[in-house]
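The block underneath contains the structure these notes are about, expressed in structure tokens.
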Amino acid sequence: MSEALGIADLAREFDVTTRTVRFYEDKGLLAPAREGQRRIYSARDRVRLRLIMRGKRLGLSLDEIASLLDLYDVDPSEVTQLTHFVGVIRDRKSVLQGQKCDIEESLAEMDRLEAQCVKLLSEKQTTS
DNA sequence: CTTCTGACA
DNA sequence: TGTCAGAA
């Protein structure tokens, strides 16, 4: 009858420290109920933390996750939420595409430099 | 012993 | 995000 989850339980459940849980709260991502000073986490808070973790895995910023979470409450139809999410995903994909492009350029240049160095090296060895 | 807030050699 | 302090 006293299944009120404390911050330690929640932290353990998601493999994060209690500091992290409070940090997310400061950022506005979580708003647990209070029993005096103690934070009490409901099933709904756990769902939110689950979404936060997923967002982190996708590389979203805490601000992006926060706006997503806000929409989740404000819009029951979830239309606004999903629309926004699509936008966030596109932005994320855009930066990833950009980084991929940069990496490919670096790799290509390094291939050229490597070949050049190896060639120079072989010349010096055959000459001396 | 656990949680809370605030601060940072 | 870690960590440490002082209080509850």
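Note on naming: letters A, B, ... go to the chains in the order of the sequence lines (proteins, then strands), and numbering restarts at 1 for each one.
- Looking only at atom types and distance, the side chain of A:Ser42 has a donor-acceptor partner in the side chain of A:Asp45 under 3.5 Å away.
- Applying the 4.0 Å criterion to OP1 and OP2 of B:dT2, one finds that A:Thr18 has every side-chain N and O outside that range.
- Mapping A:Arg19 and A:Gly6 onto DNA chain B by nearest heavy atom places A:Gly6 closer to the 5' end of the strand.
- Counting only heavy atoms from C-beta on, A:Gln37 has its side chain closest to B:dC4 among B:dT3, C:dT3, B:dC4.
- In this structure, of B:dT5, C:dT3, B:dT3, it is B:dT3 that holds the atom nearest to the side chain of A:Arg38.
- Under the Watson-Crick or G-U wobble criterion, with both distances below 3.5 Å, B:dG6 is paired with C:dC4.
- Looking only at atom types and distance, the side chain of A:Thr17 has a donor-acceptor partner in the side chain of A:Thr20 under 3.5 Å away.
- Protein atom CG of A:Leu30 is 13 Å distant from nucleotide atom P of B:dC4, rounded to whole Å.
- With a 6.0 Å radius and a threshold of 12 heavy atoms from other residues, nucleotides or ligands, A:Arg90 has its CZ atom at or below the threshold.
- To the nearest angstrom, P of B:dT3 lies 12 Å from CD of A:Glu35.
- Minimum atom distance to the side chain of A:Arg39 is reached by B:dT5, of the listed C:dG2, B:dT3, B:dT5.
- At a threshold of 4.0 Å, the pair A:Arg92-A:Glu64 does not count as salt-bridged, since none of the basic side-chain nitrogens sits closer than that to a carboxylate oxygen.
- The CG atom of A:Asp9 sits 11 Å away from the C1' atom of B:dT2 (whole-angstrom rounding).
- For the pair A:Arg22 CZ and B:dG6 P, the interatomic distance rounds to 12 Å; values are reported in whole Å.
- Per the geometry, CG belonging to A:Asp15 stands 12 Å off P belonging to C:dG2, to the nearest Å.
- In this structure, A:Thr17 reaches the sugar-phosphate backbone alone: every heavy-atom distance under 4.0 Å involves primed, P, OP1 or OP2 atoms, never a base.
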